[in-house]
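Computed from heavy atoms alone, side chains included, the values below leave out hydrogens, waters and symmetry copies.
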Amino acid sequence: MPGSLEPLDLGVHIPYHFRCPISLELMRDPVTVCTGQTYDRPSIESWVTAGNTTCPVTRATLTDFTLIPNHTLRRLIQDWCVANRAFGVERIPTPKQPADPALVRSLLNQTSSESAPTHLRLSSLRRLRQLARDSDKNRSLISSHNVRQILLPIIFSGADELKHESLALLVLFPLAESDCAALASDSDKVSYLSRLLSHSSLEVRVNSAALIEIVVAGTHSPELRAQVSDVDEIYDGVVDLLRSPISYPRALKIGIKALFALCLVKQTRHKAVAAGAPAVLVDRLADFEKCDAERALATVELLCRIPTGCAAFASHALTVPMLVKIILKISDRATEYAAGALLSLCSESERCQREAVTAGVLTQLLLLVQSDCTERAKRKAQMLLKLLRDSWPQDCIGNSDDFACSQVVVVPF
């Protein structure tokens with residue numbers, strides 16, 4: 001058996017025994033099975049999950065599926081990574097070990113015990129939250145022990161510290177539709193969560209908004225979603241989260257997820273406008289990461305569909321230039337939402353039409369309709385081009401062969 005495999009593009013030879021026999025990649029979390037063979041943890045876990053009961057190398061039956069961390073080999077791999085740093089090899093981090101099922105059961109039992117001292121219950125909750133944050137596998141393990149049924153009663157009836165810690169843990173897990181419906185239909189619980197949005201602790205406010213988003217998004221009943229979104233304080237609190245410092249990105253992420261879920265309820269979108277959502281969305285748009293920017297733009301388009309929202313966005317000097325700039329810059333979805341919002345704004349305001357043309361929207365739209373963007377985005381762009389036809393500069397019309405302008409604006413809708 002050779003001492004090394006083929007060199008990488010960088011000219012670095014990875015020692016043979018550092019590679020996982022399944023994936024042939026450098027092992028990041030080497031574990032040993034009962035046959036004595038070592039594999040990378042994700043690879044052997046996928047092998048077993050697929051229904052295989054034999055060792056991939058020896059083909060011997062795996063009589064025990066316990067995976068024992070190979071700390072010695074992992075440290076050797078880390079040392080090798082450090083020694084080859086000059087070739088662009090990054091040191092693999094020390095992996096966190098999966099939670100012990102017995103420990104999880106013990107922590108949950110202590111959390112649910114009303115006779116246990118408060119400080120012990122708090123300690124258990126914090127330990128469970130740390131384990132849940134460590135890995136998806138840990139979250140799956142904790143979730144399998146009915147963690148939701150343990151935490152929900154505490155959130156709405158325990159001492160304040162226990163409530164807040166339970167809430168922080170609960171939002172790391174999805175809720176069943178029945179749980180979401182039960183919460184949405186209980187006005188007292190919804191009112192409690194809305195009050196938490198004005199709590200002195202930013203973390204409590206963020207976790208409350210996270211649970212509200214989970215409930216609204218997970219409730220299938222339009223009536224129940226509308227019942228939750230009809231609470232004024234919820235919009236005020238969620239919009240205020242979007243004003244949080246950039247140094248706390250989770251507030252922005254949770255804030256926009258919650259606002260988007262609430263704005264999907266058409267009859268209460270005016271509450272978002274009244275809470276100041278349009279100005280905040282425009283001001284913070286550049287601070288969002290890609291996925292969150294898409295949600296923010298989708299929310300902008302939703303609010304532009306109601307008169308008060310359209311007027312609020314139109315009155316902000318940066319709205320139109322920002323939307324024009326975004327076209328073809330972030331993603332296909334972002335482009336589609338930006339074009340839709342511009343279409344709504346320009347349909348209601350000649351001033352917005354002039355601002356869009358001044359910002360260079362015509363070139364952006366002409367490029368868009370010839371791109372590989374979504375059909376809906378192209379359709380919105382074509383409608384917007386047709387709307388702006390009278391505002392086209394003469395030089396664009398005169399040089400229409402460059403972008404096939406004349407063909408674009410006559411496309412049937």
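With no hydrogens or angles considered, a side-chain donor-acceptor pair links E294 and S331 at under 3.5 Å. Side chains of Q227 and S221: a donor-acceptor N/O pair is absent below 3.5 angstrom, by distance only. A donor-acceptor pair shorter than 3.5 Å cannot be found between the side chains of S194 and E233. Judged by distance alone, the side chains of N70 and R75 never bring a donor and an acceptor atom under 3.5 Å apart. Remark: the R148 side chain and the S143 side chain contain an N/O donor-acceptor pair separated by less than 3.5 Å.
To the nearest 0.5 Å, atom CG of residue L175 and atom CG of residue L152 are 6.0 Å apart. Atom CG of D283 sits about 11.0 Å away from atom CG of L242, to the nearest 0.5 Å.
Exactly one residue among H164, E165, H199, R250 makes a side-chain hydrogen bond (donor to acceptor under 3.5 Å, both in side chains) with N207. That residue is R250.
Figure legend: K271 and Y235 shown without cation-pi pairing, the cationic atom not lying both under 6.0 angstrom from the six-membered ring centre and within 45 degrees of its axis.
The closest donor-acceptor contact from the side chain of R121 to the backbone of T111 lies under 3.5 Å. Under the 3.5 Å distance criterion, the side-chain polar atoms of D64 are matched with a main-chain donor or acceptor of T66. Here the side chain of N138 pairs a donor or acceptor atom with the backbone of A99 at under 3.5 angstrom. No donor-acceptor pair closer than 3.5 Å links the side chain of T319 to the backbone N or O of A314. Panel note: side chain D292, backbone F288; no donor-acceptor pair is recorded below 3.5 Å. At distances below 3.5 Å, not a single donor-acceptor pair connects side-chain atoms of D40 with backbone N or O atoms of P42. Formation of a donor-acceptor pair under 3.5 Å by the S244 side chain with backbone atoms of L241 is found in this model. The backbone N or O of L343 sits less than 3.5 Å from a side-chain atom of S347, completing a donor-acceptor pair. A donor-acceptor pair is defined here as one N or O able to donate and one able to accept, closer than 3.5 Å; no such pair exists between the side chain of H316 and the backbone of A312. At distances below 3.5 Å, at least one donor-acceptor pair connects side-chain atoms of S371 with backbone N or O atoms of L368.
Within 6.0 Å of atom CZ in R243, more than 12 heavy atoms from other residues, nucleotides or ligands are found, so the atom counts as buried in its surroundings. In this structure, Q149 places its CD atom where more than 12 heavy-atom neighbours from other residues, nucleotides or ligands lie under 6.0 Å away. Heavy-atom contacts from other residues, nucleotides or ligands closer than 6.0 Å to CD of E289 number 12 or fewer. Atom CZ of R284 is surrounded by more than 12 heavy atoms from other residues, nucleotides or ligands within 6.0 Å. Atom NZ of K266 sits in a sparse spot, with 12 or fewer heavy atoms from other residues, nucleotides or ligands closer than 6.0 Å. The environment of K325 atom NZ is sparse: at most 12 non-hydrogen atoms of other residues, nucleotides or ligands sit within 6.0 angstrom.
Put simply, the side chain of M27 does not reach to within 4.5 Å of the side chain of R19, judged on heavy atoms. Counting heavy atoms from C-beta outward, C81 and I77 have side chains that approach closer than 4.5 Å. Taking the side chain as every heavy atom from C-beta outward, L197 and L193 never approach each other to under 4.5 Å. Residues F65 and I44 are not in side-chain contact: their nearest non-hydrogen atoms beyond the backbone lie 4.5 Å or more apart. Residues L108 and V147 meet the side-chain proximity criterion, which asks for heavy atoms closer than 4.5 Å.
Using a 4.0 Å cut-off between charged nitrogen and carboxylate oxygen, R129 and E203 count as a salt-bridge pair. Taking the charged nitrogens against the carboxylate oxygens, K137 and E45 do have a contact shorter than 4.0 Å, which makes a salt bridge. Under a 4.0 Å N-O distance rule, the pair R305/E301 qualifies as a salt bridge. Taking the charged nitrogens against the carboxylate oxygens, R205 and D240 do have a contact shorter than 4.0 Å, which makes a salt bridge.
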Stepwise side-chain hydrogen bond (donor to acceptor under 3.5 Å, both in side chains) test for Q267 and S229: CA-CA 9 Å; Q267 57 266 43; S229 63; over 6 Å; no
